[in-house]
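Here is the structure we will look at.
Order of appearance sets the numbers: ligands from 1, and atoms from 1 within every ligand.
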Amino acid sequence: MEHAWDYSIVWKETLNLLRGVLSEQEFRLWFFEVDYYDGSEETLRIRVPSSFVRDQIKQRYQRLIEDKFYELLGRKLLLDFVVEKRSLAQERPVSSSSPQREIPKERPPHPQLRRDYTFENFVIGENNAFAANAALAIAKNPGTAYNPCLIYGGVGLGKTHLLQSIGNSVYGEFQNLKVVYVTAEEFTNEFIASIQNKETHKFKTKYRNVDVLLIDDIHFFMNKTETQEELFHTFNALYDANKQMVFTCDRPVSELKNISHRLRSRFERGLNVDLQPPSFETRYAILKKKIEQKPIHIPDEVITFIAEHVTTNVRDLEAALTKLIAYAELVHRDITIDIAKSQLKDMFTTTKQTNITIDLIQKVVADYFGITQSDLRNKKRTRTVVFPRQIAMYIARELTEYSTTEIGEYFGGRDHTTVMYAIQKIESKMRTDPTLDTIIAQLIREVQEGTK
Ligand code: ADP
Ligand code: MG
């Protein structure tokens, strides 16, 4: 006869331990939808809602959990998983009068949201898992899970896509909730117009009566004192009423300038999560996903080729794909690896040389600007060092394989978002200032020559 091993108490105790060592948010994120499933002599099985959650728990907590089992039982017990959604019965006891879940009616498309910016179309990888799961949790329980939430990261990494996915999901699932999406720029313009038209009252009423407020690119609020003031009051009104707010920003809040202290502290409240550039595997998965939706065949070696070479962000990845498809359609030819190579070569950054070090780059840049290498590595923020430092970071990104996180470490332990910001800054300056282009080209030549 089989022995029934019931470890439900063990599991309960383990959860208590986890609750103690993890932050409230982390605990909710990974264990909110996990239940005890069953046991055998050697294993305790838990039910998790997705393979993704399973892998995350395995990676992050399995050791900790199994150690706790050992402590509680005095013997080895392994953690095992069953991937299964919590059944409806478990989720909400079925009341006899309404045995079936109400089928939501179709709502007309939301006027401010792109229909293709959904969770289904968003590929989750290590670079964005935390943000994506927080977004999913918010979409399931708006106003209760993480409020407010701020998603930050460099250009083209999926901030808008994620933000709008929350909007689309809530809009579809909660028919009675009012969802508003605006960019910070639109919010600002609308506010200014309302002052000019003496309709600020209307503006206030509109934004203080939403259930889910999504504001994209809040770095735009830098220097906009009056709009900040208005947003501060909107924030408080919504926060007090437990309404959900989600913001995106191109850098961590700590790096925003000219934002009032009290508004900054509001943004920092709740959950701040970042998006990082995707790894090769994620880039590959994203390309696959995008191609799936198109009536075209692209050989695997071409997908691999693009994923290997376009490393910056998802927007560039999409641009490469679009260019290739457009070309193939125009010349009525199948896409081959040779076509991909010739069509995309100008989209790839300078071929990376392995013998270039950041140390060398710093030397060349410091020399050129008449400063010392340690100026580039310390925390000083004076103009004379900030600009050269940004240039050195840009060149490091161009000429080496280092990630932005690693580059940050070489520059006095700066955050990877600071590095991304520096790179964007230089890129946008190069667009408007052709002399900068020449300077950088020259510096790059010097660095390359320095390795010979
Ligand atoms: P950001 O707002 O951070 O600049 P976007 O959200 O506009 O970036 O994303 C740029 C493009 O890349 C969009 O077309 C978006 O759909 C796509 N994208 C970004 N991240 C992902 C992802 N993880 N999976 C699928 N598509 C993505
Ligand atoms: Mg965006």
Do we get Arg107 above Tyr171's six-membered ring, with its NZ or CZ under 6.0 Å from the centre and within 45° of the axis?
yes
If we number the atoms of ligand 1 from 1 as shown, the ones under 4.0 Å from a heavy atom of Gly154 are 3 (O)
dist Leu29:CG -> Gln56:CD (nearest 0.5 Å) comes out at 8.5 Å
shortest atom 25 (C) of ligand 1-to-protein heavy-atom contact is with Asn121 O, 3.3 Å
Heavy-atom proximity to atom 2 (O) of ligand 1, picking from Thr183, Asn128, Thr160, Leu162, points to Thr160
Check the angle between the aromatic planes of Tyr284 and Phe280 and answer parallel, tilted or perpendicular using the 30° and 60° thresholds. tilted
- Message: Just by distance, no angles: are the side chains of Asp274 and His416 close enough, under 3.5 Å, to form a donor-acceptor pair?
- Response: yes
(message) With a 4.0 Å cut-off on N to O distance, would you call Asp216 and Lys159 a salt bridge?
(response) no
Short version for Val123: what comes under 4.0 Å of ligand 1, heavy atoms counted, is both
of all protein heavy atoms, closest to atom 7 (O) of ligand 1 is Arg315 NH2, 2.9 Å
Fill in: N or O pair under 3.5 Å between Gly158 and ligand 1
yes
N or O pair under 3.5 Å between Leu157 and ligand 1: yes
For Tyr117, the ligand 1 atoms with a heavy-atom partner under 4.0 Å come out as 13 (C), 14 (O), 16 (O)
Quiz item: Do we see a donor-acceptor contact under 3.5 Å between the side chains of Glu126 and Thr282?
Solution: no
The closest protein heavy-atom partner of atom 11 (C) of ligand 1 is Glu318 OE1, 3.3 Å
By ring-ring contact (aromatic ring centres under 6.0 Å, His included), Phe27 pairs with (sequence neighbours left out) Phe31
Per-atom filter on ligand 1: closer than 4.0 angstrom to a heavy atom of Val155 are 4 (O)
the protein heavy atom lying closest to atom 21 (C) of ligand 1 turns out to be Phe122 CE1, 3.6 Å
Do the side chains of Lys178 and Asp211 get close enough for a salt bridge, i.e. N-O under 4.0 angstrom? no
Contacts of Glu318 meeting side-chain hydrogen bond (donor to acceptor under 3.5 Å, both in side chains) (sequence neighbours excluded), chain-then-number -> Lys290
Listing protein N, O or S under 2.8 Å around the Mg ion (ligand 2) gives Thr160 OG1
If the threshold is 4.0 Å, N to carboxylate O, is there a salt bridge linking Glu199 and Lys206? no
Under-4.0 Å salt bridge between Lys140 and Glu33: yes
Across all chains, not counting sequence neighbours, the salt bridge (Lys or Arg N to Asp or Glu O under 4.0 Å) partners of Lys288 are Asp300
Atom 4 (O) of ligand 1: closest protein heavy atom, distance to 0.1 Å, is Gly156 N, 2.7 Å
Nearest non-hydrogen contact to atom 16 (O) of ligand 1 from the set His161, Glu120, Arg283, Arg114 belongs to His161
A student checking ligand 1 against Lys290 at a 4.0 Å heavy-atom cut-off should list atoms 16 (O), 17 (C), 25 (C), 26 (N), 27 (C)
| query | Is there a donor-acceptor pair under 3.5 Å between the side chain of Gln164 and the backbone N or O of Arg114? | reply | yes
of all protein heavy atoms, closest to atom 12 (O) of ligand 1 is Val314 CG1, 3.2 Å
